[in-house]
Amino acid sequence: LLGIPYKSELPMNGHVLAIVLTATKVISGFQLLSDVFPYIADSYREKTKYMIEAFKKYLKATDTRVCLAAATAFCNIMISMDKSSREEYSEVISSITEGMEIALANKNETALRQQREPLAMLAETAPRSFKAGFPKLFNVAIELAKTKMGDAKRCELALEVIIVALEKQPSLLLQDYKPHQTGEYFSKLFIALFEYILINTYEPEKSWEHVHENYLQFSKEDYEDSPITFGQDAIQRILSSTRRELGLSLLGPQILTLLSNNESWKHQYVGFFAAASVGRFINHPSELSVLVPIVVEYAMTHPNRYVRFAAIQCLGKLLIDCDSSFPEKYHENIMRAIKSGFSEKILRIRQETSLTLC
């Protein structure tokens, strides 16, 4: 595993070494290494450089089975190591990054999904080394997401890599970086996220307007596994992984930019769904003083029915997630929007309005 080339032949003194590793042997080797390492860790320090080279090599293998075996072994070995030893494996980050590029280039979602495990493990167990390699990883993931915007699953996985890293190492963008650098990272992440949602959001089918007996369940299923749902979940995970004030201060302008963009109905539509994600991070209703009038105005007067629907749904979500001081402060605005919603010709909007009172 550590010295024989994989699926190749090694010239040696004019001869060809006939022993080559097949995928099955590599997988078996990693499984064995993973099982026995906890018992031999202390005596295996002298082999560290060979192990690093093996992981660097096989974590970017095009064979999904080999990549998974390497990722699994890596995670198990990192758990068995002491803190100082883990830092030696910082070089592995570059291979994980390369593995991401290979997986995306080959449209291999399985391999890309597997890269998250060793990445998360390295972020959690060797933070200093991980921080050093994070800028390159971040840029690669963002670029991959930008180039794959039309391929929903692969774009989501590229963005997911960054979000997982932030969850495992929340201080990544808050320490060791200057404030303007932190802002640039978050801005790039939010811009890529919203661009992905916009590109992959389409006008609903005609049946969207119909009345549904079990509307609450239907409404949940309607957005299941959609870019909107992924975006809302991503926003909440990002805000949960950073300082509340910082996250909201950087997300807020992005949402307002979407709401003020009249290029197409999708910008306001996505903007309201994004705004609906911030309720549980609001400490005082005054933090929504700019947003609430926009929500009410668009819910009552916007010419596009999808935007009016999104505004009403945003209002309902804020009522659920914010504390009681929110409806107390904005009671009149809220009731104006609800009254307008019940006067709608579109049945779907009337149904959504009714949920705001539940």
Side-chain angles (χ1 to χ4, degrees), residues 1-7 21-106 108-138 140-141 144 157-158 160-169 172:
L1 181 66
L2 303 181
I4 302 173
Y6 170 56
K7 287 189 176 177
L21 286 183
T22 63
T24 302
K25 289 180 180 177
V26 173
I27 293 169
S28 298
F30 273 122
Q31 288 174 340
L32 181 60
L33 183 63
S34 178
D35 289 340
V36 304
F37 189 82
Y39 306 101
I40 61 171
D42 292 338
S43 60
Y44 219 70
R45 287 297 300 271
E46 61 189 48
K47 298 289 192 298
T48 296
K49 69 175 184 177
Y50 297 108
M51 290 175 62
I52 290 174
E53 289 304 313
F55 284 122
K56 286 171 64 176
K57 184 176 184 178
Y58 295 117
L59 279 169
K60 56 185 179 184
T62 53
D63 189 317
T64 304
R65 298 169 301 161
V66 171
C67 183
L68 177 59
T72 303
F74 179 83
C75 292
N76 291 338
I77 287 172
M78 291 295 281
I79 292 173
S80 304
M81 286 183 176
D82 57 57
K83 189 174 181 179
S84 60
S85 299
R86 292 168 184 163
E87 296 293 346
E88 298 178 43
Y89 284 75
S90 59
E91 297 175 52
V92 175
I93 294 177
S94 62
S95 290
I96 296 173
T97 303
E98 288 180 50
M100 285 169 49
E101 294 180 275
I102 292 171
L104 279 168
N106 297 333
N108 194 332
E109 293 178 22
T110 304
L112 183 62
R113 198 172 283 111
Q114 289 160 4
Q115 298 294 336
R116 291 182 301 178
E117 299 305 320
L119 179 73
M121 181 60 68
L122 198 56
E124 196 168 23
T125 58
R128 285 187 301 169
S129 297
F130 188 81
K131 283 181 182 179
F134 181 74
K136 180 182 178 182
L137 176 69
F138 180 91
V140 166
L144 290 174
L157 285 169
E160 178 79 4
V161 166
I162 300 174
I163 297 170
V164 167
L166 290 174
E167 287 179 316
K168 294 296 182 180
Q169 195 52 245
L172 273 173

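- Taking the side chain to side chain donor-acceptor pair (under 3.5 Å) definition, one finds that Glu167 meets it with Arg237, sequence neighbours left out.
- Using a 4.5 Å heavy-atom cutoff, the side chains of Phe55 and Ile77 are in contact.
- Residue Ile27 holds its CD1 atom at 10.0 Å from OG1 of Thr72, rounded to the nearest 0.5 Å.
- Taking the six-membered ring for Trp and the full ring otherwise, Phe37 and Phe30 have centroids separated by 6.0 Å or more.
- Residues satisfying the side chain to side chain donor-acceptor pair (under 3.5 Å) test with Ser34, not counting sequence neighbours, are Asn76.
- Looking at residues two or more places apart in sequence or on another chain, you find a salt bridge (charged side-chain N to carboxylate O under 4.0 Å, His left out) between Lys60 and Glu98.
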